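Here the structure is laid out as structure tokens; the discussion comes afterwards.
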Amino acid sequence: MMFFYPPYNSMKELCDHLKKDGYLKSQKVYDSLMNVDRKDFSKNSPYEDRPQPINYNVTISAPHMHAYCLELLKDHLKPGGKALDVGFGSGYLTVAMSKMMDDKGTAVGIEHIKELCDFANENIRKNHKNLLDSKKVILVHGDGRNGCTQYGPYNCIHVGAAAAKLPQALIDQLTNGGRLVIPIGEEGGTQYIYIIDKDNNGKITKTQGLCVSYVPLTSAEHQLSY
Ligand code: SAH
């Protein structure tokens, strides 16, 4: 089967299309994506609604997945809050999460490939250098399966790679009232987004979301071994 990706030329065209398709539901998420130009993060066809390779066997996620996850996290991304983005890759979503908090929160990203940490840092510097300088966006090199205790706990956590099973460390690093959005499923198999909520008494509930296809949340060694 052939898929046709319309040749959008701008973030406006892309976001209007995501809105029409129902992925962008709120003005808040629309504005946040509009504030972060995907061309700073992907050299190839940045305004197409599909993932693009960023080397090291991974991709920048499709814009509709960024929109979908931000809509799920919207009420947990508030000024003064703290958010964690596990497997930040290009750095796109970490910045978008900061924008959702009106640049008045702390968006921490953790990524296990050193070269991608440098790549994201360069991408963000193009138009959002202030966020790095003011530490509103903090990029950490490390294994995100353990979360990032140094800056936690977090009001919300986003995971950009599929875990074979739910990492307990990430649940532990959520505040009460916090939310984790994570793809879960076997590598190359059926995966679903799960929405994990921790209520004000610390009780956990899990809700299944979209069926997806993400690269695995794994060791750096395994990721680079293909
Ligand atoms: N949200 C990112 C997604 C990048 S793809 C974006 O849109 O750009 C998933 C990323 O997760 C890759 O960069 C990969 O290197 C990273 N990753 C995979 N396993 C990881 C782990 N154990 N710890 C940290 N990062 C990991």
Side-chain angles (χ1 to χ4, degrees), residues 11 14 18 23 29 32-33 36-70 72-73 77 83-100 107-124 126 128 137-151 156-170 173 180-188 191 193 212-226:
M11 282 308 286
L14 172 62
L18 294 176
Y23 288 106
V29 176
S32 297
L33 292 188
V36 192
D37 197 329
R38 202 162 177 268
K39 88 164 165 6
D40 291 347
F41 299 80
S42 171
K43 282 191 221 45
N44 306 319
S45 309
Y47 306 126
E48 278 180 14
D49 187 16
R50 60 168 158 170
Q52 296 292 344
I54 52 171
N55 301 318
Y56 311 98
N57 295 324
V58 296
T59 53
I60 175 174
S61 298
H64 71 269
M65 284 314 304
H66 284 162
Y68 176 74
C69 292
L70 288 178
L72 290 172
L73 294 172
L77 288 162
L84 177 65
D85 185 22
V86 175
F88 61 74
S90 67
Y92 186 96
L93 202 73
T94 322
V95 177
M97 287 170 101
S98 173
K99 293 287 160 201
M100 292 285 293
V108 178
I110 184 160
E111 165 60 53
H112 67 166
I113 306 292
K114 176 71 175 77
E115 288 82 353
L116 285 174
C117 295
D118 298 340
F119 174 65
N121 192 60
E122 273 170 39
N123 296 342
I124 298 170
K126 292 175 195 166
H128 304 280
V137 168
I138 298 173
L139 302 180
V140 177
H141 176 215
D143 188 339
R145 290 173 293 186
N146 305 321
C148 185
T149 46
Q150 190 186 350
Y151 298 103
C156 67
I157 302 179
H158 166 267
V159 184
K165 66 181 192 29
L166 185 56
Q168 183 60 37
L170 299 184
Q173 286 167 45
L180 163 65
V181 169
I182 180 171
I184 300 182
E186 293 299 331
E187 185 173 343
Q191 306 165 352
I193 294 285
V212 292
S213 177
Y214 274 65
V215 301
L217 185 72
T218 184
S219 67
E221 195 189 10
H222 178 69
Q223 184 175 316
L224 300 175
S225 71
Y226 301 130

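Because the structure is a prediction, the values reported are computed rather than measured. Just follow the structure's listing: the first ligand is 1, and inside any ligand the first atom is 1.
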Any N or O of S219 that comes nearer than 3.5 Å to an N or O of ligand 1?
-> no

At a 4.0 Å cut-off, with the gap strictly under it, does some heavy atom of M65 reach an atom of ligand 1?
-> no

May I ask whether Y56 places a heavy atom under 4.0 Å from ligand 1?
-> no

For E111 and ligand 1, does the shortest N/O to N/O distance drop below 3.5 Å?
-> yes

Can you list the atoms of ligand 1 that are under 4.0 Å from a heavy atom of F88?
-> 2 (C), 6 (C), 8 (O)

Assign the ring pair H66 / Y92 to parallel, tilted or perpendicular, where the plane angle (0 to 90°) is split at 30° and 60°.
-> parallel

For ligand 1, which part of D85 has a heavy atom less than 4.0 Å away: the side chain, the backbone, both, or neither?
-> neither

Any P216 heavy atom less than 4.0 Å from ligand 1 | yes

With a 4.0 Å cut-off on heavy atoms, does A120 reach ligand 1?
-> no

Residue-ligand contact T218/ligand 1, heavy atom below 4.0 Å = yes

Nearest option to atom 4 (C) of ligand 1, as decided by whichever heavy atom of V58, T59, I113 sits closest | T59

Does G144, backbone or side chain, put an N or O under 3.5 Å from an N or O of ligand 1?
-> yes

Separation between OG (S90) and CD1 (I54), nearest 0.5 Å, reads 5.0 Å

